[in-house]
Amino acid sequence: MAEERKIRAGFIGCGGHAFRNVYPTFKFAPVDLIATCDLDESRAEEFARQFGAHRHYTNHLEMLEKEELDAVFIVTGYDEQNHPLYPPLAIDCMRAGCHAWIEKPPASSAAEIEEMMAVEKETGKFVLVGVKKAFFPAIQRMKEITERPEFGGVTSINVKYPQYIPNENEKVLEESVRMRGFLDHLVHPTSIIDYVMGPVRHIYYERSPNGGGVMSMKFMNDATGVLHFTAGRSGTSPLERVEVVGNGANAIVDNGVKLTYYRKGGRGEGGYGRATNFMGSDDEAPIYWEPEWSLGQLYNKQIFLLGYAFEVIEFAECVLEDRYPIRGCLASALELMKLYEAFQKPPGEVIVINE
Ligand SMILES: NC(=O)c1ccc[n+]([C@@H]2O[C@H](COP(=O)([O-])OP(=O)(O)OC[C@H]3O[C@@H](n4cnc5c(N)ncnc54)[C@H](O)[C@@H]3O)[C@@H](O)[C@H]2O)c1
(Lines give C-alpha, C1' and ligand atoms only; values in the text may rest on other atoms or scores of the structure.)
Protein backbone atom coordinates (compact mmCIF):
# COMPACT_ATOMS: atom_id res chain seq x y z
CA MET A 1 0.00 0.00 0.00
CA ALA A 2 1.37 3.40 -0.94
CA GLU A 3 2.20 5.41 2.13
CA GLU A 4 -0.18 8.33 2.72
CA ARG A 5 1.48 11.68 2.15
CA LYS A 6 1.31 13.90 5.20
CA ILE A 7 2.37 17.42 5.98
CA ARG A 8 5.08 17.89 8.61
CA ALA A 9 3.48 20.25 11.10
CA GLY A 10 4.41 22.31 14.10
CA PHE A 11 1.82 23.71 16.50
CA ILE A 12 2.00 27.00 18.40
CA GLY A 13 -0.41 27.07 21.34
CA CYS A 14 -1.34 24.32 23.76
CA GLY A 15 -4.52 25.70 25.30
CA GLY A 16 -8.10 24.62 25.85
CA HIS A 17 -9.56 24.99 22.36
CA ALA A 18 -6.56 23.41 20.69
CA PHE A 19 -6.79 20.44 23.11
CA ARG A 20 -10.50 19.88 22.60
CA ASN A 21 -10.95 20.62 18.94
CA VAL A 22 -7.81 21.00 16.82
CA TYR A 23 -5.12 18.48 17.86
CA PRO A 24 -7.74 15.67 17.89
CA THR A 25 -8.46 16.25 14.17
CA PHE A 26 -4.94 15.14 13.22
CA LYS A 27 -6.01 11.51 13.66
CA PHE A 28 -8.25 12.04 10.64
CA ALA A 29 -6.12 14.40 8.52
CA PRO A 30 -2.87 13.98 6.57
CA VAL A 31 -0.91 15.71 9.32
CA ASP A 32 2.27 14.43 10.96
CA LEU A 33 2.70 16.43 14.16
CA ILE A 34 6.41 17.02 14.59
CA ALA A 35 6.63 19.63 17.35
CA THR A 36 4.54 21.60 19.82
CA CYS A 37 5.23 25.04 21.22
CA ASP A 38 3.76 26.97 24.14
CA LEU A 39 5.07 29.73 26.38
CA ASP A 40 4.26 27.33 29.21
CA GLU A 41 6.76 24.48 28.86
CA SER A 42 4.78 21.96 30.88
CA ARG A 43 1.85 22.37 28.46
CA ALA A 44 4.08 22.08 25.40
CA GLU A 45 5.61 18.91 26.82
CA GLU A 46 2.30 17.37 27.86
CA PHE A 47 0.67 18.12 24.49
CA ALA A 48 3.66 16.60 22.68
CA ARG A 49 3.24 13.44 24.78
CA GLN A 50 -0.56 13.32 24.36
CA PHE A 51 -0.66 14.00 20.63
CA GLY A 52 2.51 12.24 19.51
CA ALA A 53 4.88 15.10 18.61
CA HIS A 54 8.61 14.35 18.74
CA ARG A 55 9.78 17.58 20.34
CA HIS A 56 8.44 20.60 22.19
CA TYR A 57 9.48 24.25 22.42
CA THR A 58 8.70 27.42 24.36
CA ASN A 59 9.81 29.76 21.57
CA HIS A 60 8.24 29.51 18.12
CA LEU A 61 11.27 31.06 16.37
CA GLU A 62 13.47 28.31 17.80
CA MET A 63 10.99 25.69 16.60
CA LEU A 64 10.91 27.23 13.12
CA GLU A 65 14.71 27.30 12.97
CA LYS A 66 15.37 23.80 14.25
CA GLU A 67 12.57 21.83 12.60
CA GLU A 68 11.92 21.01 8.95
CA LEU A 69 8.24 21.89 8.75
CA ASP A 70 5.76 22.31 5.88
CA ALA A 71 3.18 24.09 7.98
CA VAL A 72 2.33 25.44 11.40
CA PHE A 73 -0.99 25.48 13.25
CA ILE A 74 -1.44 28.53 15.49
CA VAL A 75 -4.07 28.58 18.24
CA THR A 76 -2.97 31.22 20.70
CA GLY A 77 -5.52 33.94 21.32
CA TYR A 78 -4.87 37.57 22.27
CA ASP A 79 -2.14 39.89 23.53
CA GLU A 80 -2.68 42.30 26.46
CA GLN A 81 -4.22 44.86 24.09
CA ASN A 82 -6.89 42.35 23.06
CA HIS A 83 -5.27 42.02 19.64
CA PRO A 84 -5.24 38.50 18.20
CA LEU A 85 -1.68 37.13 18.14
CA TYR A 86 -2.12 35.51 14.72
CA PRO A 87 -0.77 38.10 12.24
CA PRO A 88 2.79 38.40 13.63
CA LEU A 89 3.05 34.64 14.29
CA ALA A 90 1.73 33.70 10.85
CA ILE A 91 4.16 36.16 9.25
CA ASP A 92 7.07 34.58 11.17
CA CYS A 93 5.96 31.14 9.96
CA MET A 94 5.61 32.19 6.32
CA ARG A 95 8.99 33.90 6.34
CA ALA A 96 10.47 30.68 7.76
CA GLY A 97 9.05 28.79 4.76
CA CYS A 98 5.86 27.38 6.31
CA HIS A 99 2.20 27.67 5.44
CA ALA A 100 0.09 28.76 8.41
CA TRP A 101 -3.28 27.62 9.73
CA ILE A 102 -4.64 30.15 12.19
CA GLU A 103 -7.64 30.22 14.50
CA LYS A 104 -10.21 32.94 14.46
CA PRO A 105 -10.39 35.87 14.94
CA PRO A 106 -7.57 36.25 12.43
CA ALA A 107 -6.71 39.86 13.33
CA SER A 108 -8.08 43.04 14.84
CA SER A 109 -8.13 45.05 11.61
CA ALA A 110 -8.35 44.79 7.85
CA ALA A 111 -4.87 46.33 7.64
CA GLU A 112 -3.35 43.38 9.50
CA ILE A 113 -4.98 40.97 7.05
CA GLU A 114 -3.50 42.98 4.18
CA GLU A 115 -0.08 42.72 5.84
CA MET A 116 -0.40 38.94 5.91
CA MET A 117 -1.56 38.96 2.28
CA ALA A 118 1.56 40.91 1.32
CA VAL A 119 3.72 38.29 3.04
CA GLU A 120 1.83 35.52 1.23
CA LYS A 121 2.89 37.18 -2.03
CA GLU A 122 6.47 37.73 -0.83
CA THR A 123 6.97 34.13 0.35
CA GLY A 124 4.64 32.04 -1.84
CA LYS A 125 3.17 30.54 1.36
CA PHE A 126 -0.46 30.92 2.44
CA VAL A 127 -2.65 31.32 5.48
CA LEU A 128 -5.92 29.48 6.06
CA VAL A 129 -8.19 30.79 8.82
CA GLY A 130 -10.17 28.21 10.76
CA VAL A 131 -13.59 29.70 10.20
CA LYS A 132 -15.32 26.51 11.27
CA LYS A 133 -18.85 27.46 10.29
CA ALA A 134 -17.97 27.70 6.61
CA PHE A 135 -16.79 24.08 7.01
CA PHE A 136 -19.90 22.70 8.78
CA PRO A 137 -21.19 19.79 6.64
CA ALA A 138 -24.72 21.30 6.75
CA ILE A 139 -23.45 24.70 5.58
CA GLN A 140 -21.28 23.09 2.89
CA ARG A 141 -24.36 21.29 1.53
CA MET A 142 -26.47 24.44 1.79
CA LYS A 143 -23.89 26.34 -0.25
CA GLU A 144 -23.80 23.59 -2.86
CA ILE A 145 -27.63 23.60 -3.09
CA THR A 146 -27.66 27.37 -3.65
CA GLU A 147 -25.35 26.87 -6.64
CA ARG A 148 -27.70 24.46 -8.42
CA PRO A 149 -29.50 25.98 -11.44
CA GLU A 150 -32.93 25.04 -10.00
CA PHE A 151 -32.26 27.14 -6.87
CA GLY A 152 -32.33 30.18 -9.13
CA GLY A 153 -29.39 32.06 -7.57
CA VAL A 154 -29.18 33.47 -4.06
CA THR A 155 -31.56 36.38 -3.49
CA SER A 156 -31.50 36.87 0.29
CA ILE A 157 -30.17 35.43 3.55
CA ASN A 158 -31.25 35.58 7.17
CA VAL A 159 -28.86 34.53 9.95
CA LYS A 160 -29.67 34.47 13.66
CA TYR A 161 -26.81 34.45 16.12
CA PRO A 162 -26.88 35.44 19.82
CA GLN A 163 -24.17 38.09 19.64
CA TYR A 164 -24.06 41.16 21.88
CA ILE A 165 -23.33 44.44 20.04
CA PRO A 166 -21.15 46.70 22.23
CA ASN A 167 -22.54 50.15 23.01
CA GLU A 168 -20.63 53.31 22.09
CA ASN A 169 -18.74 53.30 25.43
CA GLU A 170 -17.56 49.73 24.92
CA LYS A 171 -15.97 50.03 21.51
CA VAL A 172 -12.27 50.56 22.29
CA LEU A 173 -10.90 47.07 21.72
CA GLU A 174 -7.81 47.65 23.86
CA GLU A 175 -9.97 48.45 26.90
CA SER A 176 -13.12 46.46 26.37
CA VAL A 177 -13.91 42.85 27.11
CA ARG A 178 -17.19 43.44 25.28
CA MET A 179 -15.41 44.53 22.08
CA ARG A 180 -13.02 41.60 22.33
CA GLY A 181 -16.03 39.28 22.69
CA PHE A 182 -17.58 40.93 19.65
CA LEU A 183 -14.41 40.49 17.58
CA ASP A 184 -14.11 36.91 18.83
CA HIS A 185 -17.61 35.89 17.76
CA LEU A 186 -18.68 38.15 14.88
CA VAL A 187 -16.57 36.06 12.51
CA HIS A 188 -18.81 33.05 13.18
CA PRO A 189 -22.03 34.28 11.53
CA THR A 190 -20.21 36.52 9.05
CA SER A 191 -18.06 33.64 7.80
CA ILE A 192 -21.27 31.81 6.82
CA ILE A 193 -22.64 34.95 5.20
CA ASP A 194 -19.44 35.59 3.24
CA TYR A 195 -19.15 31.95 2.16
CA VAL A 196 -22.74 31.66 0.94
CA MET A 197 -23.39 35.18 -0.39
CA GLY A 198 -20.00 36.72 -1.23
CA PRO A 199 -18.84 40.24 -0.36
CA VAL A 200 -21.10 42.94 1.07
CA ARG A 201 -21.59 46.32 -0.62
CA HIS A 202 -23.05 48.19 2.34
CA ILE A 203 -24.70 47.62 5.70
CA TYR A 204 -26.98 49.41 8.14
CA TYR A 205 -27.37 48.33 11.75
CA GLU A 206 -29.52 49.14 14.78
CA ARG A 207 -28.96 48.15 18.39
CA SER A 208 -31.53 47.29 21.09
CA PRO A 209 -30.81 48.56 24.61
CA ASN A 210 -29.79 45.02 25.72
CA GLY A 211 -27.16 44.70 22.97
CA GLY A 212 -29.32 42.70 20.58
CA GLY A 213 -29.99 44.17 17.17
CA VAL A 214 -30.13 43.76 13.42
CA MET A 215 -27.76 44.41 10.53
CA SER A 216 -29.19 44.64 7.05
CA MET A 217 -26.86 43.95 4.16
CA LYS A 218 -26.78 44.64 0.44
CA PHE A 219 -24.34 42.33 -1.31
CA MET A 220 -22.13 43.06 -4.30
CA ASN A 221 -24.31 40.60 -6.28
CA ASP A 222 -27.39 42.73 -5.40
CA ALA A 223 -28.84 40.12 -3.02
CA THR A 224 -29.91 41.29 0.43
CA GLY A 225 -29.55 39.90 3.94
CA VAL A 226 -30.20 40.31 7.63
CA LEU A 227 -28.01 39.30 10.53
CA HIS A 228 -30.20 39.18 13.63
CA PHE A 229 -28.08 39.57 16.79
CA THR A 230 -30.25 37.63 19.20
CA ALA A 231 -28.48 38.68 22.43
CA GLY A 232 -30.98 38.16 25.22
CA ARG A 233 -32.05 34.72 24.09
CA SER A 234 -32.25 31.88 26.60
CA GLY A 235 -29.10 29.85 27.15
CA THR A 236 -31.20 26.75 26.54
CA SER A 237 -31.98 27.87 22.98
CA PRO A 238 -30.04 26.58 19.97
CA LEU A 239 -27.60 29.32 19.02
CA GLU A 240 -28.17 29.76 15.34
CA ARG A 241 -30.37 29.53 12.28
CA VAL A 242 -29.51 30.28 8.66
CA GLU A 243 -32.01 30.65 5.83
CA VAL A 244 -31.01 31.29 2.23
CA VAL A 245 -33.64 32.10 -0.37
CA GLY A 246 -33.32 31.65 -4.13
CA ASN A 247 -36.08 31.92 -6.71
CA GLY A 248 -38.90 29.58 -5.75
CA ALA A 249 -36.61 27.59 -3.45
CA ASN A 250 -34.99 28.05 -0.05
CA ALA A 251 -32.72 26.18 2.35
CA ILE A 252 -32.52 26.36 6.14
CA VAL A 253 -29.84 25.15 8.52
CA ASP A 254 -31.11 24.96 12.09
CA ASN A 255 -28.82 24.53 15.06
CA GLY A 256 -25.84 23.92 12.77
CA VAL A 257 -26.85 20.37 11.85
CA LYS A 258 -30.43 20.18 10.54
CA LEU A 259 -30.72 21.02 6.88
CA THR A 260 -34.06 21.50 5.13
CA TYR A 261 -34.13 22.12 1.41
CA TYR A 262 -37.50 23.44 0.22
CA ARG A 263 -37.30 22.59 -3.43
CA LYS A 264 -39.26 24.40 -6.08
CA GLY A 265 -42.84 23.23 -5.70
CA GLY A 266 -46.33 23.86 -4.50
CA ARG A 267 -49.06 22.18 -2.53
CA GLY A 268 -52.74 22.06 -2.10
CA GLU A 269 -54.05 21.07 -5.54
CA GLY A 270 -57.35 22.63 -6.42
CA GLY A 271 -56.48 26.27 -5.85
CA TYR A 272 -57.02 28.62 -2.91
CA GLY A 273 -60.16 27.83 -0.90
CA ARG A 274 -60.57 24.41 -2.49
CA ALA A 275 -57.40 22.46 -1.70
CA THR A 276 -58.09 19.66 0.78
CA ASN A 277 -54.59 18.24 1.19
CA PHE A 278 -51.51 20.18 2.27
CA MET A 279 -49.10 17.73 0.63
CA GLY A 280 -47.87 18.11 -2.93
CA SER A 281 -46.07 15.51 -5.03
CA ASP A 282 -43.05 13.63 -3.69
CA ASP A 283 -40.68 15.04 -6.27
CA GLU A 284 -41.36 18.55 -4.97
CA ALA A 285 -41.40 17.66 -1.26
CA PRO A 286 -38.88 19.27 1.09
CA ILE A 287 -35.65 17.37 1.67
CA TYR A 288 -34.68 17.16 5.32
CA TRP A 289 -31.37 15.94 6.74
CA GLU A 290 -30.28 15.54 10.34
CA PRO A 291 -27.71 13.27 11.97
CA GLU A 292 -28.69 9.94 13.41
CA TRP A 293 -27.22 9.44 16.86
CA SER A 294 -26.84 5.70 16.86
CA LEU A 295 -23.84 4.57 14.86
CA GLY A 296 -20.19 5.00 15.79
CA GLN A 297 -19.54 6.92 12.60
CA LEU A 298 -17.04 9.72 12.15
CA TYR A 299 -19.87 11.98 10.99
CA ASN A 300 -21.35 11.86 14.49
CA LYS A 301 -18.20 13.27 16.04
CA GLN A 302 -18.41 16.92 17.00
CA ILE A 303 -15.05 17.60 15.31
CA PHE A 304 -16.73 16.68 12.01
CA LEU A 305 -20.19 18.17 12.69
CA LEU A 306 -18.64 21.50 13.69
CA GLY A 307 -16.25 21.62 10.77
CA TYR A 308 -12.95 21.34 12.67
CA ALA A 309 -11.73 18.21 10.88
CA PHE A 310 -12.74 19.61 7.50
CA GLU A 311 -10.89 22.90 7.97
CA VAL A 312 -7.72 21.01 8.91
CA ILE A 313 -8.05 18.43 6.11
CA GLU A 314 -8.64 21.22 3.58
CA PHE A 315 -5.52 23.04 4.78
CA ALA A 316 -3.36 19.90 4.70
CA GLU A 317 -4.61 19.01 1.21
CA CYS A 318 -3.94 22.54 -0.04
CA VAL A 319 -0.36 22.23 1.26
CA LEU A 320 0.13 18.76 -0.28
CA GLU A 321 -1.36 19.81 -3.63
CA ASP A 322 0.26 23.24 -3.62
CA ARG A 323 -3.20 24.76 -4.02
CA TYR A 324 -4.28 28.14 -2.63
CA PRO A 325 -7.31 27.76 -0.33
CA ILE A 326 -10.71 29.29 -1.15
CA ARG A 327 -12.70 28.76 2.04
CA GLY A 328 -10.94 30.43 4.96
CA CYS A 329 -8.51 32.31 2.71
CA LEU A 330 -7.24 35.78 3.63
CA ALA A 331 -9.38 37.49 0.97
CA SER A 332 -12.40 36.16 2.82
CA ALA A 333 -10.91 37.09 6.22
CA LEU A 334 -10.50 40.63 4.87
CA GLU A 335 -14.26 40.83 4.24
CA LEU A 336 -14.96 39.66 7.82
CA MET A 337 -12.63 42.33 9.21
CA LYS A 338 -14.30 45.05 7.12
CA LEU A 339 -17.63 44.09 8.69
CA TYR A 340 -16.07 44.16 12.17
CA GLU A 341 -14.62 47.60 11.48
CA ALA A 342 -18.04 48.86 10.33
CA PHE A 343 -19.30 48.36 13.89
CA GLN A 344 -16.73 50.86 15.14
CA LYS A 345 -19.14 53.40 13.66
CA PRO A 346 -22.37 54.19 15.54
CA PRO A 347 -25.67 52.58 14.54
CA GLY A 348 -28.22 54.22 12.31
CA GLU A 349 -26.24 55.04 9.17
CA VAL A 350 -25.42 53.30 5.91
CA ILE A 351 -21.82 52.07 6.04
CA VAL A 352 -20.06 51.25 2.78
CA ILE A 353 -18.04 48.00 2.91
CA ASN A 354 -17.02 47.65 -0.76
CA GLU A 355 -17.44 50.21 -3.56
N1 LIG B 1 -13.37 27.99 16.57
C2 LIG B 1 -13.84 27.76 17.76
O3 LIG B 1 -14.84 27.06 17.94
C4 LIG B 1 -13.12 28.29 18.95
C5 LIG B 1 -13.55 27.94 20.25
C6 LIG B 1 -12.81 28.42 21.33
C7 LIG B 1 -11.69 29.22 21.13
N8 LIG B 1 -11.32 29.55 19.85
C9 LIG B 1 -10.14 30.39 19.60
O10 LIG B 1 -8.99 29.66 19.98
C11 LIG B 1 -7.98 30.55 20.42
C12 LIG B 1 -7.40 30.07 21.75
O13 LIG B 1 -8.41 30.02 22.72
P14 LIG B 1 -8.21 29.17 24.07
O15 LIG B 1 -9.47 29.36 24.83
O16 LIG B 1 -7.75 27.81 23.75
O17 LIG B 1 -7.03 29.98 24.77
P18 LIG B 1 -5.97 29.44 25.84
O19 LIG B 1 -5.53 30.64 26.60
O20 LIG B 1 -6.55 28.27 26.59
O21 LIG B 1 -4.76 28.88 24.96
C22 LIG B 1 -3.83 29.68 24.31
C23 LIG B 1 -2.45 29.07 24.50
O24 LIG B 1 -1.55 29.74 23.62
C25 LIG B 1 -0.33 29.93 24.32
N26 LIG B 1 0.41 31.03 23.69
C27 LIG B 1 0.06 32.33 23.62
N28 LIG B 1 1.00 33.02 22.94
C29 LIG B 1 1.95 32.14 22.57
C30 LIG B 1 3.17 32.24 21.84
N31 LIG B 1 3.59 33.41 21.34
N32 LIG B 1 3.90 31.13 21.66
C33 LIG B 1 3.49 29.96 22.14
N34 LIG B 1 2.35 29.79 22.83
C35 LIG B 1 1.58 30.86 23.05
C36 LIG B 1 -0.76 30.21 25.75
O37 LIG B 1 0.31 29.99 26.66
C38 LIG B 1 -1.91 29.22 25.93
O39 LIG B 1 -1.47 27.96 26.40
C40 LIG B 1 -8.63 31.94 20.43
O41 LIG B 1 -8.27 32.62 19.24
C42 LIG B 1 -10.12 31.66 20.43
O43 LIG B 1 -10.88 32.69 19.82
C44 LIG B 1 -12.01 29.08 18.77
Side-chain angles (χ1 to χ4, degrees), residues 9-25 35-48 50-51 53 55-67 69 72-93 96 98 100-108 112-113 127-136 139 161-163 173 177-192 195 239-240 256-257 301-312 314-315 327-328 332-333 336-337 340:
F11 203 124
I12 306 174
C14 299
H17 172 57
F19 178 85
R20 293 189 306 275
N21 300 318
V22 187
Y23 284 94
T25 67
T36 60
C37 173
D38 198 288
L39 301 174
D40 178 336
E41 182 165 18
S42 62
R43 285 186 185 208
E45 187 177 10
E46 177 56 18
F47 274 53
Q50 282 255 357
F51 297 105
R55 286 166 290 282
H56 67 272
Y57 296 85
T58 54
N59 181 315
H60 72 280
L61 293 173
E62 190 189 342
M63 176 177 81
L64 291 170
E65 196 189 310
K66 291 199 172 150
E67 300 291 348
L69 301 173
V72 179
F73 290 82
I74 313 173
V75 186
T76 47
Y78 298 85
D79 67 14
E80 277 122 37
Q81 304 287 301
N82 287 337
H83 292 192
L85 290 160
Y86 302 110
L89 290 172
I91 286 172
D92 285 347
C93 292
C98 297
W101 184 100
I102 65 177
E103 246 311 326
K104 61 82 201 161
S108 58
E112 285 177 308
I113 301 286
V127 175
L128 187 148
V129 186
V131 279
K132 66 174 178 183
K133 289 184 193 286
F135 291 86
F136 277 16
I139 296 294
Y161 192 79
Q163 181 58 49
L173 177 64
V177 177
R178 288 290 204 182
M179 201 58 182
R180 172 171 148 170
F182 186 71
L183 171 64
D184 202 86
H185 291 282
L186 185 68
V187 294
H188 281 319
T190 53
S191 64
I192 297 177
Y195 177 49
L239 261 63
E240 59 202 66
V257 291
K301 282 186 184 291
Q302 158 267 14
I303 54 172
F304 282 85
L305 284 170
L306 298 193
Y308 300 119
F310 295 110
E311 62 190 11
V312 167
E314 172 68 359
F315 174 70
R327 254 175 311 164
S332 164
L336 309 190
M337 284 297 110
Y340 164 73

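When a ligand or atom number is given, it counts from 1 through the structure's own listing order. The shown structure was predicted, so the numbers you read here are calculated from the model rather than taken from an experiment.
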Part of Arg43 within contact of ligand 1 (heavy atoms, under 4.0 Å): side chain
Element-labelled atoms of ligand 1 that are located less than 4.0 Å from some non-hydrogen atom of Asp184: 43 (O)
Non-hydrogen side-chain atoms of Arg43 and Phe19 separated by less than 4.5 Å: no
Phe47 ring center near Tyr23 ring center (under 6.0 Å): yes
Min N/O separation Lys132 to ligand 1 under 3.5 Å: yes
Side chain proximity check, Leu173 to Gln81, heavy atoms < 4.5 angstrom: no
For atom 38 (C) of ligand 1, closest protein heavy-atom neighbour: Asp38 OD2, 3.5 Å
Shortest protein contact, atom 3 (O) of ligand 1 (heavy atom only): Tyr308 OH, 2.7 Å
Tyr86 near ligand 1 by a heavy-atom separation under 4.0 Å: yes
Asp79 side chain to Asn82 backbone, donor-acceptor under 3.5 Å: yes
Residue portion contacting ligand 1 (non-hydrogen atoms closer than 4.0 Å) for Pro84: neither
Backbone N/O of Val75 and side chain of Tyr86: donor-acceptor pair under 3.5 Å: no
Nearest protein heavy atom with distance in Å, relative to atom 1 (N) of ligand 1: Glu103 OE1, 3.4 Å
For Asp184, the option from Gln163, Met179, Lys104 that meets side-chain contact (heavy atoms from CB on, under 4.5 Å): Lys104
Donor-acceptor contact below 3.5 Å, side chain Glu67 vs main chain Met63: no
Check: Gly13 main-chain N/O paired with Thr76 side-chain donor or acceptor under 3.5 Å: no
Any N or O of Asn21 closer than 3.5 Å to N or O of ligand 1: no
Pairwise side-chain contact, Phe51 with Thr36, heavy-atom cut-off 4.5 Å (strictly under): no
Sub-4.0 Å atoms of ligand 1 with respect to non-hydrogen atoms of Val75: 10 (O), 11 (C), 12 (C), 22 (C), 24 (O)
Ala44 to ligand 1, any heavy atom closer than 4.0 Å: no
Within reach of ligand 1, part of Ile12 (heavy-atom separation under 4.0 Å): side chain
Leu85, portion touching ligand 1 at heavy-atom distance under 4.0 Å: side chain
Min N/O separation Arg20 to ligand 1 under 3.5 Å: no
Leu39 contact mode with ligand 1 (heavy-atom cut-off under 4.0 Å): both
Protein contact to atom 20 (O) of ligand 1 [nearest heavy atom, distance to 0.1 Å]: Gly16 N, 3.0 Å
Euclidean distance, Phe73 CZ relative to Ile12 CD1, rounded to 0.5 Å: 11.5 Å
For Pro105, the ligand 1 atoms whose distance to one of its heavy atoms is below 4.0 Å: 43 (O)
Per-atom contact, atom 34 (N) of ligand 1, protein heavy atoms, under 4.0 angstrom: yes
Beyond-backbone contact of His188 with Leu336, side-chain heavy atoms, under 4.5 angstrom: no
Check: Glu240 and Pro189 side chains under 4.5 Å, non-hydrogen atoms: no
Distance filter under 4.0 Å to Gly77 heavy atoms, resulting ligand 1 atoms: 40 (C), 41 (O)
Protein contact to atom 16 (O) of ligand 1 [nearest heavy atom, distance to 0.1 Å]: His17 N, 2.8 Å
Taking atom 19 (O) of ligand 1 as the reference point, the nearest protein heavy atom with its distance: Thr76 O, 4.7 Å
Identity and distance of the protein heavy atom lying nearest atom 21 (O) of ligand 1: Gly15 CA, 3.2 Å
Modelled atom types, side-chain donor and acceptor of Glu46 and Ser42, under 3.5 Å: no
Identity and distance of the protein heavy atom lying nearest atom 42 (C) of ligand 1: Lys104 O, 3.8 Å
Close approach, Gly130 and ligand 1, non-hydrogen under 4.0 angstrom: no
Interatomic spacing from CD1 in Ile139 to NZ in Lys133 - rounded to 0.5 Å: 8.5 Å
Cys14 neighbourhood, listing ligand 1 atoms whose heavy-atom distance to it stays under 4.0 Å: 39 (O)
Distance-only donor-acceptor check, side chains Asn21 and His17, under 3.5 Å: yes
